[in-house]
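What follows is a single structure, written as structure tokens, with notes after it.
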Amino acid sequence: MTLQALGHQNKVYDTSRPYMFKYRSTDPQCVNMVYVLQIYDSLGAGWTTVTKPMKQPLEWSLVDEFWVDLSMLTTDFVEFDIVTKLDANVNRIFMEYHEVNCKLLITEEIYDPITQMLEYEHDINLWQQQQTFYVAEMGTSHEETFNLAQHHFTYPYHLWAHNWSDETCKFMTDMPLVMEECLDDNKVLSFNSHLKGMYLTIIITRESGATSIPIRASADLMGIGVYQIGVGFPQLKAYFTAQGTLATWWTATNGWSKIQYMMADSTTNTIRTARYTSNFSVCGCNDEHVRLWWRNNRNGVDAFTFKGANAQYLASKFEIYQKPLGFRRHQAEDPLDSDYTDKQNNSFNQKSSGQNKVNIEAHKEMKVISSWENKEKMKWIADLLISNQVYVELRDGSHFTWFDDPTRFADFHLTPVIVKNTRMKTKPLNNTFSKIELDLRYANPKTVIK
Amino acid sequence: MAQEVTLEIYHIENKTREVVNGKLDIYKSDNLPLSLQFGIKNISNLSESTGSYSKTFDIPATKHNNKLLQHAIRDQLDPSAVTKWLDTTVKCRVSVNGRILMTGSFTIKSYTKNAKEKAYKITLLGDNNNWVSIMDGRMMCETTEPELNQVHDWHNGLWHWYNANRKVDDVNYPVGMPTYDICIPIIAWGTYMYDHVPANWKQMRLEEQTPAFFIKKLVNAFFQEAGYNVNSNFMNTKFFKKLVMPTDPSRFNHGNFSTLGGGTNLTTVCVAEAEFFNDTGAGHGVDTMCTCQSCTWQMPHTFKKWDPCLLIWDFPYGGPYNATWGSCPQNGPYAVYNHCAGTMEVKWGWSPPAADDWIANRFARYNEEKCDLYGKQQVAEWQCEPDTNWSDQSQEDKASSAAGYPVGMYNVYPMKYHFWDCPITATYTIEVKTSVAMFKSSTANSNGKGKVQIKLKMIENASGWNLTDNSMMQNAYASTPGTETDLDSETVTTPNGSAGGGGGGGTFNHWHYRESDILWTGVVPAGARIVVEWRNIRHNNTDNNGHGWDAKGIILDREFAKWDAGYPFASSHNNMLYGTTARPTTFKITTGTEINIGDEVTWHEYLPCDITMKSFIAGLTGLFNLYWYTDEVSKTVYVEPYDEFYGLKIDAVDWTKKLDLNRASETKFITDMIARNALYKYLDPSKDEYLNYENSLLDYPHHSQFVDLGAAFLNQLKTYGTSLFGATWMIHDNQLVDLIDPDTPWIPLIIGEYVADVETTPKPEVGGGYLPRILSYEGMQPTGTQSAWGGWANSGAGSDTDIYPRAISFVDNITPTTGQEHANLAYHDNPYTGQSGLYSKFFEGLLQDLIALPRMRIAYFYLTPRDIAELDLRNLVWLKGDGDGNGTYWKIHKIVDYKPHLDTVTKVELLQYQIRDNSAPKPKKPPGPPKDPKVFDSKKRTDGVVTFNTGNKKFNADKRSASNEGGQSVSAVMRGNKAPSNNGNVVMGNNLVTRTPNQIVLGQYNKEDKDAILIVGGGVDESTRRNVLTVKADGSMYLGSDSDNLMTKDSSGQYIDLYTKESDRIIKLK
């Protein structure tokens, strides 16, 4: 007696939406399907059982099928982190947990008519192992699901057989394919691959107008999963410096005006993903610019620079407690009468205070304003409102003072903020350019001494 | 200051190790319902705060929490995986900035989700880990205090040791901890059974006494077991160190401890018990190693060898296949039987013995010990021989035998046999139950061709024991055999009957199952050894039918199954039901639970198993008005009586600058909380009928104190006092000394029946079930001028003596030992000595503070973690007033909801501290009894010597007569009068009775008369109550009690009626 999988494929599922697996039992006494979820830990632990046994009763109105939706369960295991530190030699990559490799172990719970008890095998080593599958958080919207099977929802955002040859695989972002970037902005792409041996390749257009061949800009990615690779100018410059090839691709007098970046496979050196373009410009004194980083709705990382004016605030609240001070002026006002009252320590000494603040809480706040942007960008940046992880990049240089190490210039420092806005314009009335304003609050309170 | 709150869940591994599972995500920590309370525990609220709390709040269903809580939010989760989130398996602790504030059990109450999982509602159920709740769950007898768990011998030597050279103030002073766990003072629990010879007086015998526990030892032990140290000046005073709690006789036995957990008192205790069991590993009912298929249901009767472990069957007759006997070939496989042991086999040929005789000693092989109270039992041991010896039959015929009667005995093996040595001369009951299977090989005309005897034997004065004797010779077990006494014996026999085989009727060549029961009760002297013998009897063979034959017996253990004995057919010729197992073969000695001289005693077993440690502490709290403050961080409990509890003003802390004037504070007067009348008392006696009777004669119970605060207070009577202890009556016990003088031993009297003149007459039988008592132990005190006899004296040999171990609840006008301080454990002052009572010492100060109209102030203070860390509620608080002047001292009553995770102000309740002065109203105590009532009750002795007995009940200090407020007259009370208070009676005389308001009763031993306004009683005792003069409310007057016709004699000597004339009426006098 076994359970037969009806809808369960070795695919990538968007765990931010329901996805359902069906199983059929041939045993008429099978009352429940019992299952546990296992997660593959690429760091060495192998398959780990992450849940206690779950029981799924027979589907209503059906006699032999069990339907399970694992999306809420698997969501818990999808994580996110931004690579904030790029090594000089190899672009730092993350692959663990942004996409999770899962497996179900299942067994039947049988009704025993003699004992009138329900019984199932308690040794999960004896359970049926199901195909592995992957889950990623892709934030697929309803309008994106038209006529698609569940395992197709994630098709645009990971590289596998279905988009191997057509250069349609997107990085994990809704960012427009062409972006204007400042030369001193860091930038990170998030790439989900189910095929090994991919690498970042870029095509450089120099200030002189010359365009290069595709140039390798990372090591081969030897695993399956999600990678983050630096594609900002400082990061690429650091990479080529480490490779010793910087002079070949960049000189101070003939810098870059734009790059195209995409992934290629190391076997044929064929480009396998969509081509993204960064048009570089010099942004001048960038202390006034505020660059926000956020976890985007495809579980990748995005960054955008607000070039408009910004304002910073300190907001606080407190309680007052008042200690007794004394209500009467004694002879303290009479400087001649020194016998009765202490001139310095009397209750109306100028330093004495009856009131103190307690329970002070303070937060830094910030308002940022973008430059004029088109609706395509606005729609993308609106993701900021629904992101649960938003950071502001500290760019004034002050925090580098104690480790101002030139070899680490590509590092960037992120401080968590909370976007207070609840509504953002994504398309202006007349379909023209528009500015975006965001009210931010630093997530952690300012430390207050007592 | 950043306050970081962490919520960690963990579980306990192996009962000790905390394994942290992780930290939970929480919503904003400011919103957590964390708060701490601080307060004093005293008589009114000791039971209130058990420290239990439960906090319920939400935590978000973050990915992290989901994983940490193992997806408990999933509706599909197997219920077995959910239970841990609902019971107390998972623990949780809350820390603020790393300091653990509370620990408890973590449970998930609910969770919410809409399209997505949102939040868990969790409950943090606080551990009841404060001393109040810990002690609430432990009975006094459960103490693990090592000294109270030591084993002692209960004999006069012990008594002597405890008492030697210790006088009042030497007792446990000035040593920091009590030196002794117990003492054994003389208490009259009932009639004295031991006469002094010549029998002028009664002996003070250990047999009639019980240990009394030093209170301080118990307090310290209970707190230490709860994890706390006690810090108390009061408990280091002589007064406190001398306090003891005597053991009720109903608790001083070997069965008291069994009442723990709701059990009932045992009536017997197991002294020694053992069972025979011989499992060779073959398992129940299995014919082991029987490779011969059909032998599985057969029992052999010819054994290859009787090994101590196994009976090995050599197939019968050695012949070829035999349909009757089995199917195994000659010299083929054998069967091995377990769960039995051979006694021996007897054989004889054509000439049987002329009379029954025994074959050999074989001591019983009880090898599984069930109990051994005194460690005086040796269980049997034996050693199995190697397989190679199985076919060796050379061990036959080892024992001597009468000529011509070969005896087969195969039991040569090294072993220790079973015995029990009696440690204490006492009455014991010995029960020997034996299961036997027996076989005889040929028919006979009468019963008993095969016999096995089980004999219970006592051996005294033997020496040179050979504990591995296996000679089977009588008396060979010792080089000096001593005296053997057969206590009892029983012989089981095979039945008579015809030839066996074929089912039905046959008795020989069959195994027969028999059970033997020996039950013996008697005195076993100390040193005697008790053994059981199993042995075969050679039966006289007068009805021998001319066949040689043999008989066998084997002893069976509890797993010997019927089919083991089913030879030759499974269902025939035996009386053990098919498919059942044999009754266990056991040996058991029991004795009554009473503690005999020489018994081993473990003190904690005699502490109450039905009184919690908390109740005990609460009982002391009410007795001495104790105030408790617990520093949970250092686990120190500070306790002092109210007056000493609060520190000095110079130690006060200045909280002026912490007071938050931003919020109004409230100051209120607490007059309305105080009742006008208070009665401080012990618990009412339940079974102490003597005290009940005495109390019935009193307005307020023995040792109590009534207080009237005056009309300004709430017109109520409130009762205060101990919630555990009963008051204790004291007498001068004239029975214990040769001649009576005013200083005869002064001892507590706790008896279940009222007896008049209890000082000199026999007391009722020893009872039990009394309230716990508290007494002050005074060490050895003189017996007055008289000789007494004490078991402690003469180094424990017992002899005449002039001192006795004394414990008191108060003293009368006995002669105090120089420099010694007697305790007064009555709530009232002692009228003889003027000593303050418990009320004056411990309660009056509080009452004075209360009626001085104190203020309670409820205000908010800015308390920092440091303030809380340094908090000591014994310290007064100084609050300056206006312009730094007008300061006042306050006592911290309660700190309410201190929130450690917030930087904010905290509500504090303060009580104003005041210096007592004469301006405050004083509690009015009713007039006390006469200070020196030299009223002696003369007793005439038969020898003509007139002595005096200070019968303390005549002027006991409890006699609080009614006040004369409200226009009621005062009842004048003398000995033995019974009259309700406050109803206008005048009662003058003794043993008068009235229950009618405004009645005047004079004389003695009157009869009640509800219609009378004046009665003159003229009886001489309880049985001859009569009234000599009665004036009725209607004005009529009666002379005498029962007459209805007053007469006189006329001049001629004739009786004539008396008449009076009133107006025109002639009225006959009655």
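Below, chains carry the letters A, B, ... as their sequence lines are ordered, and counting in each starts from 1.
A distance of 12.5 Å separates CZ of B:Phe106 from CD of B:Glu8, quoted to the nearest 0.5 Å.
The two atoms that bring A:Glu365 and A:Lys420 nearest to each other are OE2-NZ, 3.2 Å, heavy atoms only.
Note: B:Lys67 leads B:Gln70, B:Lys67, B:Arg663, B:Glu117 in heavy-atom pairs under 4.5 Å with chain A. When A:Asn32, A:Val358, A:Val68 are compared by the number of non-hydrogen pairs under 4.5 Å with chain B, A:Val358 comes out ahead.
Evaluation of the side-chain contact (heavy atoms from CB on, under 4.5 Å) rule for B:Lys118 yields B:Thr112, B:Asn114 as partners, not counting sequence neighbours.
At least one test fails for B:Lys649 against the ring of B:Trp878: distance under 6.0 Å to the centre or angle within 45° of the axis.
For A:Phe318, no part sits under 4.5 Å from any heavy atom of chain B, backbone or side chain. Residue contact with chain B, scored on non-hydrogen atoms closer than 4.5 Å, is absent for A:Glu109.
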